[in-house]
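Below: one structure, written as structure tokens.
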Amino acid sequence: MTLPATFCERDTVTVAKDLLGCLLVHHEETATAGRIVEVEAYLQGDPAAHSYRGVTKRNRAMFGPAGHAYVYRIYGMHTCVNVVTGAEGAGEAVLIRALEPVTGIDLMQARRGTDDLLSLASGPGKLTQALGITMDLNGTSLRDGPLQVRSSANPPEFRPEDIVQTTRIGITKAADLPLRFYLKGSRYVSRR
DNA sequence: TATCAGATTCCCT
DNA sequence: GGGAATCTGATAG
């Protein structure tokens, strides 16, 4: 089911936790999809957020409407995808860090060059490679576009206490803030 | 576990 | 122009 229009406009940390268990779907000739098992929140005034120093060509989508994608390239070779959240112009987003493969697994395996399900999408750069997410999806709507977030089973198959909250990965600024969330017990997270 | 190369974007941190 | 960046895979210990 497509997310409600207002889903991503709420408090970013709340949205981050609610995204766990949702499905990230890329509609192509062959659809690929995975269940979100790990996310990180990036907030307004957060030195670790790309939006911290204001609007640039690269981070422009992060200041756009909630529910759209912010896609960027990092370390010269990897692509990462965020869900823009909060009020428009706030510059807040949720980084999708890991997926449990669900649909189009053959295609994901071919793109990743491995058959190992556990490492198909267990990292922000891995999942974009597995789903074929590229820069041309930057700024597209996650409700209408080729890349979509769909709501999880209702009721969800896990309880609030099954969400683990820890510090974020791969950042140097504000590294102590506990803004990373993942599903306890999932074998598909990038790191425990 | 720890370290490091790889290779692009973008602000000067 | 320099250097850092929401990372990954390979290699050494």
Side-chain angles (χ1 to χ4, degrees), chain A residues 8 11-17 19-20 22 24 32 34 36-64 66-86 90-101 108-140 142 147 149 163-183 186-192:
Chain A
C8 296
D11 165 72
T12 295
V13 168
T14 302
V15 177
K17 289 190 276 194
L19 281 172
L20 291 174
C22 288
L24 182 67
T32 47
I36 299 171
V37 297
E38 177 180 346
V39 297
E40 283 177 1
Y42 287 87
L43 309 177
Q44 189 170 41
D46 173 2
H50 286 174
S51 55
Y52 187 60
R53 290 177 191 80
V55 182
T56 66
K57 193 194 312 182
R58 178 212 202 192
N59 68 20
R60 190 170 49 81
M62 220 175 148
F63 292 90
H68 285 225
Y70 166 46
V71 184
Y72 66 92
R73 186 174 290 288
I74 189 68
Y75 294 117
M77 56 191 70
H78 300 296
T79 303
C80 297
V81 60
N82 290 248
V83 177
V84 177
T85 55
E92 304 202 334
V94 174
L95 170 69
I96 310 298
R97 282 198 56 91
L99 303 176
E100 173 184 333
M108 292 196 220
Q109 288 171 325
R111 283 174 171 153
R112 291 275 303 120
T114 175
D115 288 346
D116 177 20
L117 290 180
L118 291 181
S119 59
L120 271 195
S122 56
K126 296 180 189 178
L127 93 242
T128 55
Q129 185 183 20
L131 295 207
I133 294 171
T134 51
M135 286 302 298
D136 58 298
L137 292 169
N138 187 32
T140 61
L142 295 171
L147 185 65
V149 176
I163 296 176
V164 180
Q165 178 169 184
T166 63
T167 52
R168 296 175 290 188
I169 293 178
I171 57 171
T172 53
K173 290 159 293 198
D176 53 325
L177 296 181
L179 292 174
R180 171 176 177 243
F181 305 92
Y182 66 87
L183 288 185
S186 173
R187 302 165 68 219
Y188 298 93
V189 301
S190 66
R191 211 181 96 185
R192 283 173 288 183

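Order of the sequence lines sets the chain letters (A, B, ...), proteins ahead of strands, with each chain counted from 1.
T114(A) and Q109(A) share no side-chain donor-acceptor pair at under 3.5 Å.
For R58(A), taking side-chain heavy atoms from C-beta onward, the closest of the listed nucleotides dC10(B), dC11(B), dG9(C) is dC10(B). Among the nucleotides dC7(C), dC11(B), dT8(B), the one closest to any side-chain atom of R53(A) is dC11(B). Nearest to the side-chain atoms of H78(A) among the listed nucleotides dG6(B), dC12(B), dT9(B) stands dG6(B). Nearest nucleotide to the side chain of M77(A), out of dA5(C), dA7(B), dT8(C): dA7(B). Counting only heavy atoms from C-beta on, T56(A) has its side chain closest to dC11(B) among dC11(B), dC7(C), dG9(C).
When the side-chain nitrogen and oxygen atoms of R112(A) are compared with OP1 and OP2 of dG9(C), one or more of them lie within a distance under 4.0 Å. Using a 4.0 Å cut-off, no side-chain N or O of S190(A) falls inside it from OP1 or OP2 of dC7(C). Within the 4.0 Å cut-off from OP1 or OP2 of dC7(C), at least one side-chain nitrogen or oxygen of R97(A) is found.
Among the protein residues, A93(A) comes within range of no part of the nucleic acid, since none of its heavy atoms lies under 4.0 Å from any strand. Residue-level contact check: G125(A) touches the backbone only, with heavy atoms under 4.0 Å from sugar-phosphate atoms and none from bases. In this structure, L95(A) reaches the bases: a heavy-atom distance under 4.0 Å links it to at least one base atom across the strands shown. Using a 4.0 Å heavy-atom cutoff across all strands shown, Y52(A) reaches no nucleic acid atom at all.
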> How far apart are the C-alpha atoms of E38(A) and F181(A), what are their side-chain angles, what is the distance that settles it, and do they pass the side-chain contact (heavy atoms from CB on, under 4.5 Å) test?
Replying inline: CA-CA 6 Å; E38(A) 177 180 346; F181(A) 305 92; over 6 Å; no
>> For a side-chain contact (heavy atoms from CB on, under 4.5 Å) check, start with the C-alpha distance between V189(A) and V164(A), then their side-chain angles and the critical distance, and finish with the verdict.
In response: CA-CA 11 Å; V189(A) 301; V164(A) 180; over 6 Å; no
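For residues 165-176 of chain A, the side-chain hydrogen bond (donor to acceptor under 3.5 Å, both in side chains) pairs, not counting sequence neighbours, are D46(A)-R168(A), T166(A)-R180(A).
Taking the salt bridge (Lys or Arg N to Asp or Glu O under 4.0 Å) definition, one finds that E92(A) meets it with nothing, sequence neighbours left out.
Both K173(A) and G123(A) sit near DNA chain C, but only K173(A) has its closest nucleotide nearer the 5' end.
Pairing for dT9(B) goes to dA4(C), judged as Watson-Crick or G-U wobble with the two contacts each under 3.5 Å.
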